[in-house]
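Just so it is clear, the structure is predicted and the values come from calculations on it, not from any experiment.
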Amino acid sequence: MDLILDFKNGVMTGEGADGIGLFVISGNYSVQSGECAWVKQYVARHAVEYKGFREGKGIWGNWQIMHSTGGFQIWPLSDGAPLKASEESDELEQPMLTTSLGA
């Protein structure tokens, strides 16, 4: 998954693409509590809701689509380096997002 996120004045926005298609991100975050919530809206398709917590440089939490739910983790991709094969196969087993995070 390719994902770009922007954090500014409590508003979280972004865009990306994965095996399902192109999507946009819109949501909010709190610097004080570390909580964040957003919707990942696929273009001309369904939406996925996310709720999570910032911890260090990453975000972890749960996603929900209709009656299905699962966990996720987002962490920065350091200096744009590509994932190693072992990291990529681990990523495919879980609904994880890779991105650059800003504060």
Side-chain angles (χ1 to χ4, degrees):
M1 174 181 298
D2 292 319
L3 174 62
I4 297 170
L5 294 175
D6 184 43
F7 299 85
K8 187 173 183 179
N9 299 324
V11 177
M12 181 178 177
T13 58
E15 60 185 27
D18 60 18
I20 297 171
L22 300 174
F23 57 83
V24 294
I25 301 286
S26 61
N28 56 65
Y29 69 94
S30 168
V31 173
Q32 292 80 17
S33 69
E35 294 180 69
C36 50
W38 68 92
V39 174
K40 175 179 168 182
Q41 177 66 58
Y42 287 96
V43 177
R45 298 190 83 162
H46 63 281
V48 183
E49 295 180 21
Y50 289 80
K51 292 184 181 179
F53 298 90
R54 181 175 180 179
E55 187 171 75
K57 291 186 177 183
I59 301 174
W60 61 271
N62 292 304
W63 57 266
Q64 182 175 356
I65 178 172
M66 300 183 84
H67 300 292
S68 297
T69 188
F72 74 89
Q73 291 180 320
I74 298 175
W75 63 93
L77 186 58
S78 63
D79 301 323
L83 292 174
K84 295 179 185 172
S86 63
E87 292 171 326
E88 189 171 5
S89 65
D90 290 343
E91 182 180 346
L92 295 176
E93 295 174 9
Q94 303 177 34
M96 293 186 173
L97 310 174
T98 303
T99 186
S100 297
L101 295 177

* To do: Say whether, by atom type as modelled, one donor and one acceptor occur between the side chain of Q64 and the main chain of M66 under 3.5 angstrom.
  =>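 Yes; at least one donor-acceptor contact below 3.5 Å.
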* Structure fact -> CD1 of I59 to CZ of F7, rounded to nearest 0.5 Å, is 4.0 Å
* To do: Indicate if I65 and F23 have the same hydrophobic cluster label, given that clusters are the connected sets of ILVMFWY residues with side-chain heavy-atom separations under 4.5 angstrom.
  => yes
* **Distance in Å, R45 CZ paired with K40 NZ, rounded so as to fall on 0.5 Å steps** => 11.5 Å
* Partners meeting side chain to side chain contact (heavy atoms under 4.5 Å, CB included) with A37 (sequence neighbours left out) -> N28, K51
* Gap separating the CD atom of E49 from the OG1 atom of T69, nearest 0.5 angstrom -> 10.0 Å
* To do: Nearest 0.5 Å please: distance from the CG atom of L3 over to the CG atom of D18.
  =>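 Between atom CG of L3 and atom CG of D18 there are 9.5 Å.
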* Asked: With hydrophobic residues grouped by side-chain heavy-atom distances under 4.5 Å, do W63 and W60 end up in a single group?
  -> no
* Spacing of CG belonging to L22 relative to OH belonging to Y42, to within rounding of 0.5 Å -> 10.0 Å
* Give a yes or no on whether V24 and F72 share a hydrophobic cluster (residues Ile, Leu, Val, Met, Phe, Trp, Tyr; joining criterion: side-chain heavy atoms under 4.5 Å apart). =>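 No; F72 is not reachable from V24 via cluster members.
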* To do: Classify the angle between the aromatic ring planes of W38 and Y50 as parallel (below 30°), tilted (30 to 60°) or perpendicular (above 60°).
  => parallel
* Asked: Is it the case that more than 12 heavy atoms not belonging to Q41 sit under 6.0 Å from its CD atom?
  ->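 Buried by this count: over 12 neighbours within 6.0 Å.
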* Asked: Under a 4.5 Å cut-off applied to non-hydrogen side-chain atoms, are M12 and L5 in contact?
  -> yes
* Considering all heavy atoms, the nearest E35-F53 contact -> CG-CE2, 3.3 Å
